[in-house]
Each structure stands twice: as C-alpha cells, then as structure tokens.
Amino acid sequence: AIGGNHISVFHTPLAGWTGLASNRHRTGMNTHFPLRKSQRIGVAVFVVALVITLGASLAMLYGDLPKQVIGILIVVLSIVLLLMGIPVGVAMLGAALLGLYSLSGMRVVKSTMEGVAYDATASWSLSVIPMFILMGMVMWKTGLTTSAFEAARRWLGWMPGGLAVATNFAGAALAASSGSTIGITYALGRVSIPEMLKSGYHPQLAVGSVAAAGTLGQIIPPSLLLVVYAGAASLPVGQQLLAGVVPGLILAGSFALMIILQAVLRPSMAPKVDMSGITWGMRLHSLLGVLPIGVVILIVIGGLFAGVFTATEAGVFGMIAAVSFGVVHQLAAKTSLREIAVMIRDSLIGTLTGTASVFLLIIGVAVLTRAMALSQVPNFIAQEVTELGLGRVQLLLILIVAYLILGMFMDTLAMMLLTIPVLMKPLLAVGVDPLWFGVFLVIMAEVGLLTPPLGILTFIVHRIASDPEANLGQEISLGTVFLGVLPFALTAILVIALLIAFPEIVTWLPSGSQAQ
C-alpha cells in the first residue's frame, strides 16, 4: 500500500501450484498427485500468458511489422506481464523498451534510459508526492483518524442509516486530510463495522459503506492518484487537485443519499439508533477531536485555492501540521517518546519506499509515452475516432465500459498509466479537458477498487469483517461484501454521468483559483 493507494504485485496463477510442488519435494510426496481444478486452470492461464509474452517479444524483435502493430503489441505485452505478476512499473518499462528497440533501435533505447529517469521525475510539482504520503501515514499511525467517526456519529446518528452516513462523511473528512484510501478503510472499518452491527445494521450496508468511504481518499485532495495523473499528463498539480474537490463532495453526498434511500425503503437494513444519551455538549466536544483534521484541510485545500501555496508548499505545511498534531495527540494519550519515535520512523520508512515505487511508475509511463508516440498509435486512434464521428459523450461512454472491464483485471495505477499515453490525443480531438479527464479517470479507478474479481478494498473490508472483534460473531462472506459495495459502485457511475453532462462541475474551481 503506497500512500493508501494499493499498488499491488499480482499473484501469478501458478503460485498455488508452485507452492504445492515445493511441498511435495520437501515431504517426498508422489509427484504424480493430481492437481486441483483451480490449480490446473492457474497453470493453463500462466502457460497461455507465457506463450503470448514470448510471441509478442519475438514478433517485435524479429518481425518486420508496421509501427501501429508494434504499438498495439507494446500494450498487449504490458497487460500480459501485469497479469503474470510483474510489478506495474517494471512491466510497463520492459514492454516499452522492447517496443522502442523494435521501432528505432538501440540508440534510441540508450538515449531514452539516459534521460528519461531524470527528466520524468526531476519536477518541482512531483515533490508533493512524498509530502502527501507522509501526511497520510503520520495521521494514520498516530491515531488522528479515529476521532472522525465518533464526531460524525454524534452529529448524524439520528438520520435514517445515520451510522453508515456518519461513516461516509468521516471518510470524506479523512480523505481531505490524508488521502489514504487503505488507511481510511482500516481506520473506519475497525470502529464503524462493530458499531453498526451492534445497532442491528445489515452486514451488507455496514461493510459496503466502509468500502465506499475509503474510495473518497483518492478523489478529494490531497490525492496521490491525481498528482500522478497530473505528472503523466503534464498538467499543473495544484489545479488538478482542486478539480477533484467538488466532484469528491458530490460523490460523498450521493453515497449518503443512497444510504438514506436504502434505510427508508428497507428499514431492516438500518434500524433507528437511540441517540437520547448524546447531548449537545457531547456533540460540541467531539468537534475538538476533528480540529486537527480541519486545520490540515484548511492548509492544503484553502491554501491552494487562495494561491497562498503551490501544491508542494501546501503538502509541506500540511505534513508539518499533521506531524505536529500527531505528536501532541500521542503525548496527550501518555504515549512514551520512544513509541512516538517508532511511529514517526515507520511513517518515514513507508514514505521512502512508497515514493520510490511511485517514481518507478512515473519513469515507466514516461518511457511508454515515448514508445506510443513513435508507434503513432495515439494519432491513429484519434484519426479513427474523428472518422467514425464519435463525439465527446459517445467516446466517454465507451471508456466507462472499457474501464469497468479493465478494473476487473488490472491494478488501479496500472489501468491509469497504461491508458493515459494512448488516450490523450483522441480525447483532445473530441474536446475533453485533460483536467476533467483526470477526475473521470480517478473515479473509474476507484470503482475498480470495489468491483470483482480484483476489488482490493473489498478484500480489505472482508478481512476486517472476518475478525471476531469486528463482526461480533456474525459470519460475513466475501459475497456479502461484494453485494454491499454494488449500490455504491452504481452510484459512482451515475455521478460520472452527471459530470459528463455538466463538465463545468469539475473545471470551475481550478479555473477560478490562483493555484499554480
């Protein structure tokens, strides 16, 4: 998990088989013991992927192919390598370098590797990445995120589905202060799932609202995905972050409305919670717990909009505020200085490894972009889109379906970075604003975190809900979690449709700001 955004190394379908084979070797078992059906399928999938990889590689190395065909093979090879378990940055880099060699020879490969690592990452705007990662990790490690749900519960618990609504808005608040999808999910899941189950909520609504709240972490700034997209698309980071504010709030409000509708139409999903013991004094006191979050939000988003800070400066001051509040919070909880130092150390280690991984991704997409440009595939697609007469709406509707399919099989960042170099020219040809498309892409990527079979947040929530302390003795299956997130995924797609119909929802805030 990098800054809360899951950058996974997919498990190869052969993993189960190899583990079984090694166990047989150690124990002296009969090596002719039949494989289970799932293991046979895994072996078959791996063999097919290996054949495709070898075929595409040999075709690019020794075949006399048109440029566009080489470009398509680069994309195919990248996808197959990802499905085989190769890390995202390595898969894109390897396929792109092979394509560059096929297109222009070793001289271009050498010049690309000599310059791209520095040119792609030595950017002032990208220095915000370690700041945002550290901000989120410190707030998570020091426990600042845990007070948001309690405050939201005291203020919103009286509503139909109030505890789920509280979970949703607590996720929005945490998203605007840390941007950590997985951190938000863990923090809310441990607290809110048992609270909702104790109050008689249906497990589907309990786990679904937690998973959906986590998705807000990469839409409402500070958002690592929006920063990476801005770097890959050569856009101002500050304006791209601001572009996510209004859509993120609309998404949070839409999730809340959907929860309320479920609670009203099916009262058994969310029985009314007795809030008679919650006084106005308790509600007001709970606001003290979210004051640090409010200050971080004001620094980051307020500073960007007012033009007081650049994106990097907002990240630095937000990080300083998060660290300061986190240390004070732990001192107030009588935590020893040694334990606080360990929390800070773990946060720094996570930030360093996370930043290195993200920058490898950026280098990979930079090389892939150069290979795509030489292959002329983006120009070819743009020309075909123009000749087919596809307008902006038709192309975006096609992309919704395409991203839903890609999200079933690909990691979030892989899906984003693999498609940016291919789609930017066709999108510009039909008049799609790149800032707008960044928000569209991140929302679709976050929907991919919910949908099967690789919905990472769904598996995380299921793991949390499998803990007896969280599920209060109720068995919650993975199927229950998938059913729980389905209404939220559909709601997110409806929000996308709204943004397509009214694109100014995304663009008016960055266009009216002074952010650099």
Side-chain angles (χ1 to χ4, degrees), residues 1-5 7 120-142 144-145 172-184 216-245 248 292-327 343-344 346-359 361-362 413 435 438-439 442 509-510 513-516:
I2 297 181
N5 179 62
I7 303 179
T121 56
S123 168
W124 172 255
S125 61
L126 293 181
S127 59
V128 72
I129 291 175
M131 299 299 103
F132 282 172
I133 295 177
L134 183 57
M135 188 191 313
M137 295 200 73
V138 166
M139 295 188 75
W140 181 20
K141 294 282 187 183
T142 58
L144 285 176
T145 58
L174 296 177
S177 58
S178 71
S180 171
T181 295
I182 293 176
I184 290 170
L216 299 171
Q218 291 301 336
I219 300 167
I220 300 175
S223 164
L224 184 63
L225 288 185
L226 285 177
V227 173
V228 172
Y229 169 81
S234 301
L235 297 171
V237 172
Q239 289 192 357
Q240 187 63 69
L241 289 171
L242 287 175
V245 174
I293 295 175
V295 172
V296 174
I297 293 173
L298 181 63
I299 290 173
V300 176
I301 298 180
L304 280 174
F305 181 74
V308 177
F309 302 135
T310 64
T312 301
E313 291 165 348
V316 171
F317 284 103
M319 178 272 295
I320 292 173
V323 172
S324 302
F325 284 128
V327 170
M343 292 178 188
I344 301 298
D346 291 344
S347 298
L348 289 171
I349 292 173
T351 300
L352 290 173
T353 56
T355 302
S357 299
V358 172
F359 274 44
L361 289 170
I362 294 172
L413 270 173
L435 285 175
V439 174
V442 168
L509 186 61
S513 75
Q514 304 175 48
Q516 300 298 316

Minimal non-hydrogen separation, [X] against [Y], with atom names:
X: Ala321; Y: Ile299; answer: CB-CD1, 3.7 Å
X: Pro221; Y: Gly244; answer: CD-C, 4.0 Å
X: Gly315; Y: Met135; answer: O-CE, 3.8 Å
X: Leu226; Y: Ile219; answer: CD1-O, 3.7 Å
X: Val308; Y: Glu313; answer: O-OE1, 4.1 Å

State which residues pass ring-ring contact (aromatic ring centres under 6.0 Å, His included) with Phe325; sequence neighbours excluded, sorted by chain then number.
->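 Partners of Phe325 by the ring-ring contact (aromatic ring centres under 6.0 Å, His included) criterion come out as none, since no residue qualifies.
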
[X] [atom1] to [Y] [atom2] distance, which is reported to the nearest 0.5 Å:
X: Leu242; Y: Ile301; atom1: CG; atom2: CD1; result: 8.0 Å
X: Leu241; Y: Leu224; atom1: CG; atom2: CG; result: 10.0 Å
X: Leu435; Y: Tyr229; atom1: CG; atom2: OH; result: 7.5 Å

Side-chain heavy atoms of Val439 within contact of Gln240, under 4.5 Å |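 In short, these two side chains touch, coming nearer than 4.5 Å.
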
Tell me, please, which residues at least two apart from Leu352 pass side chain to side chain contact (heavy atoms under 4.5 Å, CB included).
->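 For Leu352, no residue satisfies side chain to side chain contact (heavy atoms under 4.5 Å, CB included) once neighbours in sequence are set aside.
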
List for me each residue that meets side chain to side chain contact (heavy atoms under 4.5 Å, CB included) alongside Leu348, sequence neighbours excluded, and say none if there are none.
->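 Expected list: Leu134, Ile344.
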
